[in-house]
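Single-structure report; data block below.
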Protein chains: 2
Amino acid sequence: MNELEPEHLKSAGLKSTLPRLKVLDLFKNGQARHMSAEDVYQLLRDSGDNVGLATVYRVLTQFEQAGLLVRHNFEGGKSVFELNEGTHHDHIVCMQCGHVEEFYDSAIESRQKKIAAELGFEIHDHTLQIYGDCTKTKCPHRR
Amino acid sequence: MNELEPEHLKSAGLKSTLPRLKVLDLFKNGQARHMSAEDVYQLLRDSGDNVGLATVYRVLTQFEQAGLLVRHNFEGGKSVFELNEGTHHDHIVCMQCGHVEEFYDSAIESRQKKIAAELGFEIHDHTLQIYGDCTKTKCPHRR
DNA sequence: GTCGCAAACGATAATCATTCTCATTTGCAT
DNA sequence: ATGCAAATGAGAATGATTATCGTTTGCGAC
Ligand SMILES: [Mn+2]
Ligand SMILES: [Mn+2]
Ligand SMILES: [Zn+2]
Ligand SMILES: [Zn+2]
């Protein structure tokens with residue numbers, strides 16, 4: 001019973017189907033910001049929806065191409081997606097509990113540009129992930 | 001007919017077998033610095049050696065754990081290995097020809113430390129890759 | 001230099017994430 | 001309501017990597 005928003009799909013040139021609306025809703029109104037295809041599949045399944053895993057993969061890729069989602073390849077072999085909110089950021093991931101924090105550092109970004117220029121590259125993209133432990137003591141991210 | 005160096009393996013607690021010596025030799029005396037398991041397998045095969053692909057995977061992982069090699073996960077789904085020469089560096093990869101340049105930037109490294117500290121993380125590791133084109137004109141890395 | 005045996009190998013089956021195939025369903029314009 | 005291309009879902013296929021298991025080999029003890 002969540003708000004469905006077909007306008008985003010239409011404006012992305014995608015017809016508004018039930019699976020697409022549900023996946024988009026998960027990213028917009030769900031609790032987890034970074035989700036793998038399997039995560040999405042299980043969440044939809046748990047909420048009683050019958051979507052195929054192949055459809056989840058297809059839709060995630062389509063949303064990525066449409067600019068609605070961004071794909072990341074953290075360690076662990078599976079792609080992770082998040083809502084594209086326009087602004088770039090990088091990630092620091094806890095190797096104990098999997099918690100992810102986001103950050104943006106203009107000094108790092110500008111150094112990258114300078115390095116690429118010096119080496120004669122035109123940057124298309126970059127990925128920066130820091131892996132660590134979020135707090136030695138009580139890991140499951142204290143708050 | 002290359003120099004084989006069993007001492008590195010012994011000091012790493014690995015017994016000096018033929019496949020291990022050949023793989024290590026490829027990284028020490030071969031032409032490519034960054035190689036996937038399949039790359040290594042094909043190169044050994046081309047040079048007439050009969051090593052199993054499973055053995056290549058096993059040996060690469062063992063060398064990584066022994067600290068002889070470092071593993072990277074560039075885009076493309078396959079792990080890439082290189083000789084561990086003690087000093088950390090990051091990579092910029094050409095999306096046209098696959099050429100890889102290495103760089104180290106202390107400003108980026110120290111910003112990362114600061115960010116992790118601010119967010120309450122103890123850094124274990126990080127990966128930074130820049131993807132781009134090495135030169136619009138004649139890509140296959142001009143000299 | 002043999003022996004013995006655990007460690008390592010090689011071939012191949014299995015696993016995992018992801019993509020492909022294809023028969024069936026569905027969004028949506030007439 | 002009808003038609004049909006586009007989308008879906010179940011399951012097969014793929015590509016990278018790992019596990020299994022019978023055979024081979026490095027190497028220390030004799
Ligand atoms: Mn993020
Ligand atoms: Mn390198
Ligand atoms: Zn960044
Ligand atoms: Zn670095």
Between the side chains of A/H91 and A/Q129, is a donor N or O closer than 3.5 angstrom to an acceptor N or O?
-> no
Check the angle between the aromatic planes of A/H89 and A/H34 and answer parallel, tilted or perpendicular using the 30° and 60° thresholds.
-> perpendicular
Any side-chain donor-acceptor pair under 3.5 Å between A/E101 and A/H99?
-> yes
Treat each ILVMFWY residue as a node, draw an edge where side-chain heavy atoms are under 4.5 Å apart, and state whether A/F63 and A/Y57 are in one component.
-> yes
Going from CG on A/D90 to CD1 on A/I108, what distance comes out if it is rounded to the nearest 0.5 angstrom?
-> 7.0 Å
What are the 5'-most and 3'-most nucleotides of DNA chain C lying under 4.0 Å from any heavy atom of chain A?
-> C/dA17 to C/dC28
Using the C1' atoms of five pairs at each end, what's the angle between the two axes of the helix from C/dG1-D/dC30 to C/dT30-D/dA1, to 10 degrees?
-> 30°
If you look at every strand shown and take non-hydrogen atoms under 4.0 Å, does B/S36 touch a base, only sugar-phosphate, or nothing?
-> nothing
Answer with base, sugar-phosphate or nothing: what part of the nucleic acid does A/R58 contact at a heavy-atom distance below 4.0 Å?
-> base
Sorted by chain and residue number, the salt bridge (Lys or Arg N to Asp or Glu O under 4.0 Å) partners of B/E38 (sequence neighbours excluded) come out as none
Between OG of B/S16 and CG of B/L24, what distance do you get to the nearest 0.5 Å?
-> 9.5 Å
Which is true for B/T17 with a 4.0 Å heavy-atom rule: it touches a base, it touches only sugar-phosphate, or it touches nothing?
-> sugar-phosphate
Are the charged groups of A/R33 and A/E102 less than 4.0 angstrom apart, N to O?
-> yes
Residue list, salt bridge (Lys or Arg N to Asp or Glu O under 4.0 Å) with B/R58, at least two apart or on another chain = none
Could you say whether A/G77 or B/P19 is positioned toward the 5' end of DNA chain C, judged by the nucleotide with the nearest heavy atom to each?
-> B/P19
DNA chain D: 5'-most and 3'-most nucleotides touching chain A, 4.0 angstrom heavy-atom criterion | D/dA6 to D/dG11
Under a single-linkage rule joining Ile, Leu, Val, Met, Phe, Trp and Tyr whose side-chain heavy atoms are separated by less than 4.5 Å, which residues share a cluster with B/V80?
-> B/F74, B/V93, B/M95, B/V100, B/Y131
